[in-house]
K.L.:
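Please read through the structure below; I'll follow up with questions.
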Amino acid sequence: MTVITRFAPSPTGFLHIGGARTALFNWLYARHHGGQFRLRIEDTDRARSTPEAMEAIVDGMKWLGLDWDGEIVYQSKQAGRHAEVASQLLAEGNAYYCYCTPEELTEMRETAKAEGRSIMYDGRWRDRDASEAPEGIDPVVRLKAPRQGETLIEDQVQGSVKFRNDQLDDMVLLRGDGSPTYMLSVVVDDHDMGITHIMRGDDHLNNAARQIQLYKAMDWDIPVFGHIPLIHGADGAKLSKRHGALGIDAYRDMGYLPEAIRNHLLRLGWSHGDDEFISTEQAIEWFDVDGLGKSPSRFDFKKLDNVNGHYMRQSDDQTLLDLALPGLTTAASRDLEPVDIERLTSAMPALKERAKSIPELIENALFLTDSRPLTMDDKSATAVAGDAPGLLAEISPLLAALEDWTREAVDACVRQFATDRDIKFGVIAQPLRAALTGRAKTPGIFDVLMILGQDESLARIADISNKPA
RNA sequence: GGUCCCAUCGUCUAGUGGCCUAGGACGCUGCCCUUUCACGGCGGAAACACGAGUUCGAACCUCGUUGGGAUCACCA
């Protein structure tokens, strides 16, 4: 049997982090088993669905690198088929018209709540004849669910979960206006698309029981369910669009790499021994339900930062440069010249070593695009005070005299200078760093010298050494 | 409130009856490396929610308690 999974978001908002993880797990599961991964947009709520949200979801999936098989299925386009299934259920006596008014329903709920029962429909139209129907009510169609016995969910993650059927009421299949509800369409579409495995948040666990009743009423094969624990916010409550969840685009904008997000999401609720950094190829090879945990997890930005730093160091320079360029231009408040790009390129190996995100990398790269004379931060201002300008004035001609501006030559020159003056290396290195960058957080001093080049280096040194003490 | 789910360091987790005086990672922290910042290396503090069973033996099995979460729409 070929495994077919799906991700079925409703386009009522952005693709949030929990949805992204659900998509990842389904994608991984399908890829691991050599099956298919489908994408279906659950837009049956036409009032709340927006094209912007659909676009955000598709963009988010693409950014995360989660490719789907076949065409995207739009649930709203299947409405005819959904109604058809409802008719069949009606004809076979497995569904019925219900003429309850909204007021009656509200009353039912209040009574149930007052009596401490589950809040549910009491089935009052189950066996009533249509001739008793009141005037002016568009009836809904409800499933005639079994009232005795229990419904068992054999869940890949949660194990066997049973619900007593008298706890499950007759759910609405078709609204008064004839449009299908989510409960009907999700089952019909999953069946029609041949979905074999349904992995979703465990907030759907209760729904699964009623959906199984519908599968049984239609005499369809029941797919394998796997209800994964939700991701909670820092306060331990469900992360939702209204509660702290950010769109996947927000993570992109914060400078996180898709591979880092993937890795971090993977480790939320799934593990493979003590492994932390797991490449996507490795994840596909390893991913299966036995690694899934049952308890909810919280999203930890600190750990994401660490993971992102790992992938930053792993990324190739050009990719990072492309990602940083827009922000760099903004931060520099001017157009970047070819010489800037050149410096940025040669600085990238040193820069990516000390940044956990793209914004941090940009911040650290700013010394390259700053215009002279440099503004000193506090530490640098201290470093160029006192004897520093004098020392810089002395080393400047030595550096200027170097014919080959190579790392070895520069290294030898500065070290020799320290030895000759009988000063510790740091005594000359610190003022140099300050003069060259104006900052405390920089690549190694020889890297800086090489990146800036001889002319720019000497000019920056001169800015400090020429200043009257 | 009814129903359902969950419960190991602050966080993510390993652990499936003896290998556990509970391991790893993030974060925190001491030291080392070192021209700054990172990276890296070596240490440290830090957890089996509680109570009963079952068993020769329980983080692992059972029950209860407590705590947390989800869900109860003509939303998805």
Side-chain angles (χ1 to χ4, degrees), chain A residues 8-12 42-45 47-49 75 98 100 102 105-106 109 112-121 138-142 153 155 157-159 161-164 167-169 171-177 179-183 185-186 201-209 227 229-230 232 234 236-238 264 267-277 293-307 309 313 350-356 364 379-380 383 414 418 424-434 437 439-446 448:
Chain A
S10 63
T12 53
E42 312 236 308
D43 55 351
T44 45
D45 184 349
R48 292 200 302 149
S49 300
Q75 194 156 60
C98 165
C100 280
L105 261 11
T106 309
R109 273 183 225 118
K113 193 157 195 174
E115 293 173 4
R117 300 195 327 267
S118 223
I119 299 163
M120 45 188 259
Y121 173 69
D138 289 326
V140 299
V141 174
R142 286 182 185 271
I153 304 170
D155 195 279
V157 180
Q158 308 288 344
V161 181
K162 46 183 135 159
F163 287 85
R164 279 183 19 222
Q167 298 287 347
L168 269 17
D169 67 358
M171 62 183 172
V172 174
L173 266 18
L174 245 36
R175 300 189 182 97
D177 65 1
S179 64
T181 61
Y182 161 78
M183 285 297 206
S185 36
V186 73
D202 69 8
D203 50 340
H204 282 284
L205 190 54
N206 293 277
N207 290 335
H227 288 91
L230 300 174
H232 288 172
K238 176 183 178 181
H264 189 238
R267 289 286 293 103
L268 249 37
W270 182 85
S271 62
H272 183 269
D274 283 338
D275 295 299
E276 294 288 347
F277 296 118
K294 297 176 79 174
S295 52
S297 48
R298 302 185 187 202
F299 193 86
D300 182 9
F301 274 96
K302 288 281 177 52
K303 189 148 186 175
L304 207 213
D305 283 343
N306 177 268
V307 174
R313 274 171 256 134
L351 250 21
K352 71 183 180 188
E353 187 73 23
R354 56 208 90 210
K356 285 182 163 42
N364 295 345
K379 277 191 172 177
S380 297
V414 178
K424 285 181 68 175
F425 183 68
V427 175
I428 180 62
Q430 288 312 330
L432 264 180
R433 171 195 321 289
T437 68
R439 293 156 204 271
K441 194 175 168 187
T442 73
I445 192 66
F446 301 121
V448 172

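The model shown is predicted, which means the values in this text are computed figures rather than measured ones. Proteins get letters first, then strands, A, B, ... in listed order; numbering begins at 1 in each.
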K.L.:
Nearest nucleotide by nearest heavy atom, which residue falls closer to the 5' end of RNA chain B, A:Gly176 or A:Arg164?
P.N.:
A:Arg164
K.L.:
For A:Gly426 and A:Pro431, which heavy atoms make the closest approach, and how far apart are they?
P.N.:
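Smallest interatomic distance, heavy atoms only, reads O-CD, 3.9 Å.
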K.L.:
Using a cut-off of 4.0 Å on non-hydrogen atoms, how would the nucleic acid contact of A:Leu230 be classed: base, sugar-phosphate, or nothing?
P.N.:
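Here A:Leu230 touches the backbone only, sparing every base.
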K.L.:
Which nucleotide, B:rC26, B:rC5, B:rU36, lies nearest any side-chain atom of A:Ala440?
P.N.:
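Shortest atom-to-atom distance from the side chain points to B:rU36.
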K.L.:
Can you figure out which of B:rA76, B:rG40, B:rC37 approaches the side chain of A:Lys441 most closely?
P.N.:
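Of the candidates, B:rC37 comes closest.
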K.L.:
Out of B:rC26, B:rA7, B:rG69, which has the shortest distance to the side chain of A:Ser295?
P.N.:
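It is B:rA7.
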K.L.:
Ignoring hydrogens and geometry beyond distance, is the side chain of A:Asp43 in donor-acceptor contact with the base of B:rA76 at under 3.5 Å?
P.N.:
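Checked by distance alone, the answer is no.
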K.L.:
Would you indicate what A:Pro443 reaches in the nucleic acid, counting non-hydrogen atoms under 4.0 angstrom: base, sugar-phosphate, or nothing?
P.N.:
base
K.L.:
Ignoring hydrogens and angles, are the base of B:rC6 and the side chain of A:Lys294 linked by a donor-acceptor pair under 3.5 Å?
P.N.:
no
K.L.:
Go through it in stages, so that I can follow the logic: the residues are A:Gln158 and A:Asp202, the test is side chain to side chain contact (heavy atoms under 4.5 Å, CB included), and I'd like the CA-CA distance, side-chain angles, deciding distance and then a yes or no.
P.N.:
CA-CA 9 Å; A:Gln158 308 288 344; A:Asp202 69 8; 3.8 Å; yes
K.L.:
What does B:rC37 pair with, Watson-Crick or G-U, if both distances are under 3.5 Å?
P.N.:
none
K.L.:
Across the strands shown, which category fits A:Gly444 at heavy-atom distances under 4.0 angstrom: base, sugar-phosphate, nothing?
P.N.:
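If one applies the 4.0 Å heavy-atom cut-off, A:Gly444 turns out to touch a base.
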K.L.:
Looking only at heavy atoms, what is the nearest atom pair of A:Leu268 and A:Arg298, with distance?
P.N.:
CD1-O, 4.0 Å
K.L.:
In this structure, how many angstroms lie between the C1' atom of B:rG67 and the NE2 atom of A:His232, rounded?
P.N.:
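My rounded result for the distance is 14 Å.
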K.L.:
Answer with yes or no whether A:Arg354 presents, from its side chain, a donor or acceptor under 3.5 Å of a partner atom in the base of B:rC39.
P.N.:
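Answer no: no donor N or O sits under 3.5 Å from an acceptor.
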K.L.:
Identify which nucleotide among B:rC5, B:rU13, B:rA38 has an atom closest to any side-chain atom of A:Glu353, counting heavy atoms from C-beta outward.
P.N.:
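It is B:rA38.
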K.L.:
Mind checking if A:Asp177 touches a base, just sugar-phosphate, or nothing, with heavy atoms under 4.0 Å?
P.N.:
nothing
K.L.:
What is the pairing partner of B:rG27, taking Watson-Crick or G-U wobble pairs with both distances under 3.5 Å in any strand?
P.N.:
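None - no nucleotide pairs with B:rG27, as no candidate has both distances under 3.5 Å.
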K.L.:
Say we look at B:rG23 and B:rA47: how far apart would their P atoms be, to the nearest angstrom?
P.N.:
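Each nucleotide's P atom is 11 Å from the other's.
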K.L.:
From C-beta outward on A:Lys303, which listed nucleotide comes closest to its side chain: B:rG27, B:rC26, B:rA73?
P.N.:
B:rC26
K.L.:
Let me know, please, whether A:Lys162 or A:Ile445 comes out on the 5' side of the other along RNA chain B by nearest nucleotide.
P.N.:
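It is A:Lys162 whose nearest nucleotide is closer to the 5' end.
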K.L.:
Please work out if A:Arg439 contacts a base, only the sugar-phosphate, or nothing of the nucleic acid, heavy-atom cut-off 4.0 Å.
P.N.:
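It contacts nothing in the nucleic acid.
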K.L.:
Which part of the nucleic acid, if any, lies within contact of A:Thr44, taking any heavy atom under 4.0 Å across all strands shown: a base, the sugar-phosphate backbone alone, or nothing?
P.N.:
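Sugar-phosphate, backbone atoms only, no base.
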K.L.:
Tell me what A:Lys356 touches on the nucleic acid: a base, only sugar-phosphate, or nothing, going by heavy atoms under 4.0 Å.
P.N.:
sugar-phosphate
K.L.:
On a whole-Å scale, what distance lies between the C1' atoms belonging to B:rC19 and B:rG27?
P.N.:
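Looking at atom C1' only, B:rC19 and B:rG27 are 30 Å apart.
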K.L.:
Just name whichever nucleotide pairs with B:rG1, Watson-Crick or G-U, keeping both distances under 3.5 Å, else none.
P.N.:
B:rC72
K.L.:
Taking atom C1' in both B:rG17 and B:rC60, what distance in whole Å separates the two?
P.N.:
7 Å
K.L.:
Side chain of A:His204: nearest nucleotide among B:rU3, B:rG24, B:rA76?
P.N.:
B:rA76
K.L.:
Does any non-hydrogen side-chain atom of A:Val172 lie less than 4.5 Å from one of A:Met183?
P.N.:
no
K.L.:
Using OP1 and OP2 only, check whether a side-chain N or O of A:Ser380 sits under 4.0 Å from B:rU36.
P.N.:
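Negative; the distance criterion is not met.
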K.L.:
Show the nearest heavy-atom pair for residues A:Ser49 and A:Thr12, with the distance to one decimal.
P.N.:
N-CG2, 4.3 Å
K.L.:
Could a donor-acceptor pair under 3.5 angstrom be found where the side chain of A:Gln167 meets the base of B:rG2?
P.N.:
no
K.L.:
Pairing check on B:rU54: which nucleotide meets the Watson-Crick or G-U wobble criteria with it, both distances under 3.5 Å?
P.N.:
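Because no pair has both required distances under 3.5 Å, B:rU54 counts as unpaired.
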K.L.:
What is the base-pairing partner of B:rA49, counting Watson-Crick and G-U wobble geometry with both distances under 3.5 Å?
P.N.:
B:rU65
K.L.:
So A:Cys98 and A:Tyr121, side chain to side chain contact (heavy atoms under 4.5 Å, CB included) or not? Walk me through it.
P.N.:
CA-CA 10 Å; A:Cys98 165; A:Tyr121 173 69; 3.1 Å; yes
K.L.:
Identify whether any heavy atom of A:Thr442 sits under 4.0 Å from a base atom; if not, whether one sits that close to sugar-phosphate; answer base, sugar-phosphate or nothing.
P.N.:
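A:Thr442: base contact, heavy atoms under 4.0 Å.
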K.L.:
By nearest atom, which of the nucleotides B:rC74, B:rG10, B:rG24 is closest to the A:Arg267 side chain?
P.N.:
B:rG24
K.L.:
With rounding to the closest Å, how many angstrom separate the C1' atoms on B:rA73 and B:rA25?
P.N.:
43 Å
K.L.:
Give A:Cys100 one of three labels, base, sugar-phosphate or nothing, depending on what nucleic acid heavy atoms sit under 4.0 Å from its own.
P.N.:
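The residue A:Cys100 makes base contact.
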K.L.:
Could you tell me how far B:rG24 sits from B:rC9 if I compare only their P atoms? Round to whole Å.
P.N.:
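About 16 Å, rounded to a whole number of Å.
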K.L.:
Given B:rC5, B:rC12, B:rA76, which nucleotide is nearest the side-chain atoms of A:Leu268?
P.N.:
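The nucleotide sitting nearest to the side chain is B:rC12.
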K.L.:
Between B:rC5, B:rU3, B:rA76, which nucleotide gets closest to the side-chain atoms of A:Leu205?
P.N.:
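Of B:rC5, B:rU3, B:rA76, B:rC5 is nearest to the side chain of A:Leu205.
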K.L.:
State, with a plain yes or no, whether a side-chain heavy atom of A:Asn306 is found less than 4.5 Å away from one of A:Phe277.
P.N.:
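A side-chain contact under 4.5 Å exists here.
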K.L.:
Should the ring pair A:Phe299 and A:Phe301 be called parallel, tilted or perpendicular, given that the plane angle runs from 0 to 90° and is split at 30 and 60?
P.N.:
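A:Phe299 vs A:Phe301 ring planes: perpendicular.
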K.L.:
How long is the line joining CZ of A:Phe425 and P of B:rC33, in whole Å?
P.N.:
16 Å
K.L.:
Starting the side chain at C-beta, find the nucleotide from B:rC4, B:rG27, B:rC74 nearest to A:Phe163.
P.N.:
B:rC4
